[in-house]
Amino acid sequence: MDAHYHPEIIEPEAQQHWEEKQIFRAVEDPARPKYYCLSMFPYPSGKLHMGHVRNYTIGDVLARYHRMKGFNVLQPMGWDAFGLPAENAAIANDVAPAGWTYANIDYMRGQLKRLGLAIDWSRELATCKPDYYRWEQWLFTRLFEKGLIYKKMATVNWDPVDCTVLANEQVIDGRGWRSGALVEKRDIPMYFFRITSYAEELLSELDHLPGWPERVKTMQRNWIGKSFGVEIHFPLSPNSPQGSTTLPSPASGARGEFGMHGIPPSQPAGDASPAVGREAGAGGEGRIQGEPSSQDSSVLKVFTTRADTLFGVTYVAVAAEHPLAQQAAAGNPALAAFINECKQGSVAEADLATMEKKGMDTGLKVYHPFTNEAVPVFVANYVLMGYGEGAVMAVPAHDERDFAFAKKYGLPIKAVIRPPEGDTRNGKGETENRSQPDTFPISHFPFPLPYVEYGTLFDSGDFSGRTSAEAIDAMALVLKNLKLGEKRTTFRLRDWGISRQRYWGCPIPIIHCPTCGDVPVPDEQLPVVLPEDVKIDVGSPIKKMPSFYQCACPKCGGPAERETDTMDTFVESSWYYARYACPNNTTAMVDERANYWLPVDQYIGGIEHAILHLLYARFFHKLMRDVGLVTSNEPFANLLTQGMVIADTYFREAGDGKKQWINPADVEIRDGVAVLKADGQPVRVGGTEKMSKSKNNGVDPQALIDQYGADTARLFMMFAAPPEQSLEWSDAGVEGANRFLRRLWKAVHEHVEAGITEAYSGGELPAAAKDFRRQLHQTIAKVTDDIERRKQFNTAIAAIMELMNALAKLEGADPATRAVKQEALEAVVLMLSPIVPHICRTLIKALKPGTCMVGSPWPAADESALERDEIELMLQVNGKLRGKLRVAADAAKDAIEAAALASPELQKFMEGKPAKKVVVVPGRLVNVVV
RNA sequence: GCCCGGAUGGUGAAAUCGGUAGACACAAGGGACUUAAAAUCCCUCGGCCUAUGGCCAUGCGGGUUCGAUUCCCGCUCCGGGCACCA
């Protein structure tokens, strides 16, 4: 073998061998246990970044490890190819999104292949190809017919200058990123997937996913947000224009009653629910049927989880889009102006939640359902139309947000809950009100407000003296008898709006017929193909392309128009894992091969997908199950969420205040100042964020691979930090990873030059060789556990490095010692082969000619080599380390205690005082308390 | 703002179930080899002090425990998500 390590020679050789012999082609084989190892597929943004290298190396290590463990492994790869960046690139570079995307795919495929991943490339798919998305359209039509897809109004970011809908990402400080115009909220019709029908199952099934990280399950539980509460009706006061059922017309730009949606009742999966979507009236300009409106204009409905605070209500607040607010605004220009103001800004919840809480009195009053007191109705910008009833009862004494709002607008604060007897905890919040003169009407109470915990009721009529829990039950009962409310369970989860007014996505397979309404495209007319040869400027080209949208109604044959919106790209990524099982099927979405491979045994991807992608994919799996395509309940048995690879962001501000993001590779630090390498002028430093196209802070691994090879890049990424931890990018340490591989090569080379031998298999060993062999088998056990159970590769690598350091120090050229060295080198090379496969392929062939690395079994730890005669215990006095003690491995507890007490170290630090207590932890330590 | 994480030497990190804090590396400094450089090898490497010993130290402040990086309570800062980035 060559005396020097030359990755530039051995890596292409190995990759060519794997590709020619189709080593990683996966074939269904019911006789072997299968292992479906899936890494989240990339968006083809142009180049790989370090986050991809991390993600795909983790997946590759697990795939290769399981192959060595005898599993039938499937590791596929594909492209999440639809999406917004392609349209942006198309405008910027005057190219078609399709061409840009395909070019990126070709380049990135090359980069992935250069990493030496054990992928079955014959299953590669791209979601922008009709042979993929036609099945998405097919499923859409099935779901539409089942009523699991419906149409309703939804609010979007509207750029009034460019006249386009903006993604949340494209709204920066309330302005459109390109035009700089103030963004407005606008209501447009959209198709929705009825994910709320599956809310209960999506929640409860989380309890049956032991292979998922707890934090991801917690996030999903909170996102679904099941809460038990009470719906309460506040009758409108006669002064209010009640009885008037005339609501503002949708044409005014306001959200009409069809936009109102209560929380749809949970439906059991598979239940043929009424096909609401099909009831949609005439297409085009016609009326949009939304959720059945439960709005009764003589009462204001609110939902609350804290009905126990009902007697503390001092106002109610409604969303700006609430019909009551619209009604009141009709004769109140100031209110109308305020509601208009609420229409400004983005629809992103993060923006809504952080903006200044503002409100205005509508002049309307509602009656308190128990006291009949008149309560003012406010419009408040913090009340969301999309959640609950779009109205809340406000209890300033027991809610932080209401408290702040009441103080701001001088509204009364009435406390009705006190801490339970014996509870010494303070309420959260401000205490200064008790010593300072009240600036607002506030009743007297001996604890700080707002008090937001549960407690005991007072000043609450017949309910006074009850606990919160009792009161909620009792009040719900009384309200029900009064027909003014009842207990209800709600979910925070909202239905999934999937319409996008964009070009580069999967066309929604619906035809709008003036006579028949919304008609799904029949199977034989699928796929609805997205034209690829287009020019992009402002707006979607297919909306201006009669050849695309003009069509005949499949039902009546009359002239009709095709839907020109496309689907959310999350739809494609919700089922690709199933399509990998049978990517070449031209007659069905998935076939029986999916049931062989599914569920995915190990799914690996960034923690940023903890909620949306993973929840949508779980939802889609259940949809596919309920149309009979798959038999499992969940798509991903085990989930590994890798931490983000983050990097500094740099930018310059253009004249119009827009930020130009600069890649970290083009920036250097001179005298503590970040400057652009090209012109030496300073750039501004943004935050440290996940590598992304939008912030242009992705670090391309290409230079690293070109300089050191794929194995060094892989080893370095795996050694840098455990997978779940976020990782601030720095190439410090790459040199060390490369150095280790050179040392490994050299160690094998020297051993091989001295003559290969049979690996040790028994017989007497010199003491040093015996000790080394114990370390070898401890290392095998540790590395196996680290990879299989802990999925932590940095410590596995560290253990192997330690072993190699020990091997370098192992003297002796006698046959027994050389046999142990042979055993150790073979084991090390095999253990490293999932991480650095190219070098290991060459090394194992040198150590054991004729060996096929990919087919080699994983080394097994020899239990008998692990045995020890003596162990070392730590000696502590009062918990402080004072000495060490060597004892026989099988020493009894009391013998250890006696030996410890007799040791000079303990004698010294006990200072002659008697031991009050002696704690003996076998195999660990002895702690003496004096 | 809300939900979920994280914080340990100059740096990346380790300590797996509450039991030796800093494994393994990187960087730095010193030395060997060399005409020289690279490469390689060896040594030092948390802080402080009255230094073969001792004290302090795992973001900050409390608590539980014989013993806390690990568990609990309250903060600070950083990262991820917040439904149209993917």
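A note on names: the letters A, B, ... follow the listed sequences, proteins ahead of strands, and every chain is numbered from 1. Note that the structure is predicted; figures quoted are calculated from it, not measured.
Heavy atoms of Lys695(A) sit nowhere under 4.0 angstrom from any nucleic acid atom. Heavy atoms of Ala350(A) sit under 4.0 angstrom from at least one base atom. Residue His613(A) is out of contact with every strand shown, counting any heavy-atom pair closer than 4.0 Å. Residue contacts for Ser45(A): at a heavy-atom cut-off of 4.0 Å it reaches no nucleic acid atom on any strand shown. The residue Phe719(A) sits close to a base: some heavy atom pair falls under 4.0 Å. Looking at heavy-atom distances under 4.0 Å, Gly497(A) makes contact with sugar-phosphate atoms alone, never a base. Heavy atoms of Val918(A) sit nowhere under 4.0 angstrom from any nucleic acid atom. Arg492(A) comes within contact range of at least one nucleobase, with a heavy-atom separation under 4.0 Å. Counting non-hydrogen atoms under 4.0 angstrom, Tyr382(A) reaches nothing in the nucleic acid. Lys357(A) comes within 4.0 angstrom of nothing in the nucleic acid, heavy atoms only. Residue Phe909(A) is in sugar-phosphate contact alone, with no base atom involved, counting any heavy-atom pair closer than 4.0 Å across all strands shown. At the heavy-atom level, Arg789(A) lies under 4.0 Å from base atoms of the strands shown. Among the atoms of the strands shown, none is found under 4.0 Å from any heavy atom of Pro42(A). Within the nucleic acid shown, Ala348(A) comes within 4.0 Å of sugar-phosphate atoms alone, with no base atom in reach, counting heavy atoms only.
Residue Lys690(A) places none of its side-chain N or O atoms closer than 4.0 Å to OP1 or OP2 of G80(B). Look at Arg743(A) and you won't find any side-chain N or O under 4.0 angstrom from OP1 or OP2 of U40(B). The phosphate of A14(B) (OP1 or OP2) has no side-chain N or O of Arg790(A) nearer than 4.0 angstrom. For A86(B), one of the phosphate oxygens OP1 or OP2 lies less than 4.0 angstrom from a side-chain nitrogen or oxygen of Thr569(A). Between Asn805(A) and A25(B), a side-chain N or O to OP1/OP2 separation shorter than 4.0 Å is present. Between Gln876(A) and A68(B) there is no side-chain N or O to OP1 or OP2 distance below 4.0 Å. Distances shorter than 4.0 Å separate some side-chain N or O of Lys880(A) from OP1 or OP2 on C56(B). The phosphate of A83(B) has OP1 or OP2 within less than 4.0 Å of a side-chain N or O from Asn168(A).
Heavy-atom minimum distance, Cys128(A) versus Ala81(A): SG-CB, 3.5 Å. When all heavy atoms of Met40(A) and Tyr603(A) are compared, the pair lying nearest together is CG-OH, 3.3 Å. The shortest heavy-atom contact between Asp648(A) and Asn697(A) is O-CB, 3.4 Å.
RNA chain B is contacted by Val921(A), Arg924(A), Leu925(A), Asn927(A), Val929(A) of residues 920-930 of chain A, taking any non-hydrogen atom closer than 4.0 Å.
For the side-chain contact (heavy atoms from CB on, under 4.5 Å) test, residues two or more places apart in sequence or in another chain that qualify with Asp565(A) are Ser499(A), Gln501(A), Ile508(A), Lys543(A), Glu563(A).
Checking A86(B), C24(B), U16(B) against every side-chain atom of Met801(A), the shortest atom distance belongs to C24(B). Side chain of Glu608(A), nearest nucleotide from A86(B), A25(B), G79(B): A86(B). The side chain of Glu169(A) has C85(B) as its nearest neighbour among G1(B), C85(B), G12(B). Comparing G80(B), A27(B), C55(B) against the side chain of Arg882(A) picks out C55(B) as the nearest.
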Taking N or O atoms only and anything under 3.5 Å, show me the protein contacts with nucleotides 44-48 of chain B, one pair per line.
none

Pick out the pairs of N or O atoms, protein on one side and nucleotides 61-63 of chain B on the other, that lie under 3.5 Å.
none

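Summary of the strand contacts: Met874(A) and Leu166(A) both lie near RNA chain B, and taking for each the nucleotide with the nearest heavy atom, the more 5' one is attributed to Met874(A). Between Thr795(A) and Ala799(A), the residue anchored nearer the 5' end of RNA chain B, judged by the nucleotide with its closest heavy atom, is Thr795(A).
Taking the C1' atom of each, C48(B) and C66(B) are spaced 28 Å apart, rounded to whole Å. C4(B) and A13(B) have their P atoms separated by 24 Å, given to the nearest Å. Separating the C1' atom of A57(B) from that of G9(B) is a span of 10 Å, rounded to the nearest Å. If you take atom P in A21(B) and the same atom in U76(B), they sit 32 Å apart, rounded to whole Å. Using C1' as the reference atom, G59(B) and G5(B) are 15 Å apart when rounded to the nearest Å.
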Do nucleotides 3-11 of chain B as a string where each nucleotide becomes B, S or -: B if the base has a protein heavy atom under 4.0 Å, S if just the sugar-phosphate does, - if no protein is that close.
SSS------

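Tyr577(A) is not listed as a side-chain neighbour of Phe41(A), based on a closest heavy-atom distance of 4.5 Å or more.
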Which dot-bracket notation, 5' to 3', represents the base pairing of RNA chain B when pairs are defined as Watson-Crick or G-U with both distances under 3.5 Å, crossing pairs as [ ], and inter-strand pairs as |?
(((((((..(((......[....))).(((((.......))))).((((...))))..(((((..]....))))))))))))....

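Under a cutoff of 6.0 Å and an axis angle of 45°, Arg882(A) and Phe909(A) form a cation-pi pair.
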